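Sequence positions, counted from 1, serve as the residue numbers for this chain. Only this structure's heavy atoms are used, side chains among them; waters, hydrogens and symmetry mates stay out. Because the structure is predicted, anything quoted here is derived from the model rather than measured.
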Amino acid sequence: MNFKVIFMRNKENKHLGIEIDPELLYKLQYVAKYEGRSGNGQILYLIRKCVSEFERQDGEISVPEELKKKS
């Protein structure tokens, strides 16, 4: 039985493309799988962690109103 999984993307999210060497990509995917995340999820986790540590040390980064999440 074949199932097609459809993911609904948030069209307001931005796409970020990076170049990465194959060995580093393999290691990133290994760590992500070990921690129960996808590669994309692991990258987002690391970015959030980096921003959080920066803000804790250097103060909150102000975001322009037009970029803030709408609740």
Side-chain angles (χ1 to χ4, degrees):
M1 201 180 278
N2 290 339
F3 292 99
K4 184 175 182 179
V5 179
I6 299 174
F7 293 97
M8 299 300 291
R9 292 189 62 231
N10 180 343
K11 295 189 188 302
E12 293 192 16
N13 283 349
K14 302 298 179 194
H15 178 84
L16 173 66
I18 63 168
E19 287 189 21
I20 185 170
D21 71 77
E23 185 177 330
L24 185 57
L25 177 60
Y26 176 85
K27 290 180 179 184
L28 174 71
Q29 291 172 330
Y30 184 96
V31 172
K33 185 175 181 182
Y34 181 84
E35 295 186 355
R37 296 185 187 95
S38 65
N40 189 74
Q42 185 71 12
I43 291 168
L44 289 173
Y45 166 78
L46 294 169
I47 291 170
R48 288 182 186 111
K49 183 177 173 185
C50 173
V51 170
S52 177
E53 289 174 6
F54 178 92
E55 289 185 322
R56 186 172 35 258
Q57 188 173 45
D58 297 300
E60 188 173 345
I61 301 168
S62 61
V63 178
E65 285 298 320
E66 65 268 15
L67 294 179
K68 289 186 179 181
K69 291 182 181 177
K70 294 153 182 79
S71 315

Exercise. Does atom CD of Glu53 have more than 12 heavy-atom neighbours from other groups under 6.0 Å away?
Worked result: yes

For this session: To the nearest 0.5 angstrom, please state how far the CG atom of Leu67 sits from the NZ atom of Lys14.
Result: 8.0 Å

Problem set entry | Enclosure of Glu66 CD (heavy-atom neighbours >12, cutoff 6.0 Å) | yes

For this session: Can you measure from CD (Gln29) to OH (Tyr26) and round to the nearest 0.5 angstrom?
Result: 9.0 Å

Exercise. Once you round to the nearest 0.5 Å, how far does SG of Cys50 lie from CD of Glu55?
Worked result: 10.0 Å

For this session: For Lys33, check side chain to side chain donor-acceptor pair (under 3.5 Å) against everything at least two apart and list the hits.
Result: none

Problem set entry | From CG (Leu16) to CD1 (Ile43), nearest 0.5 Å | 8.0 Å

For this session: Determine the minimum heavy-atom distance between Val63 and Lys68, stating which atoms define it.
Result: O-CE, 3.2 Å

For this session: First locate atom CG of Leu24, then atom CG of Leu28, and finally report the distance between them rounded to the nearest 0.5 Å.
Result: 6.5 Å

Exercise. More than 12 foreign heavy atoms under 6.0 Å from CD of Glu35: is that the case here?
Worked result: yes

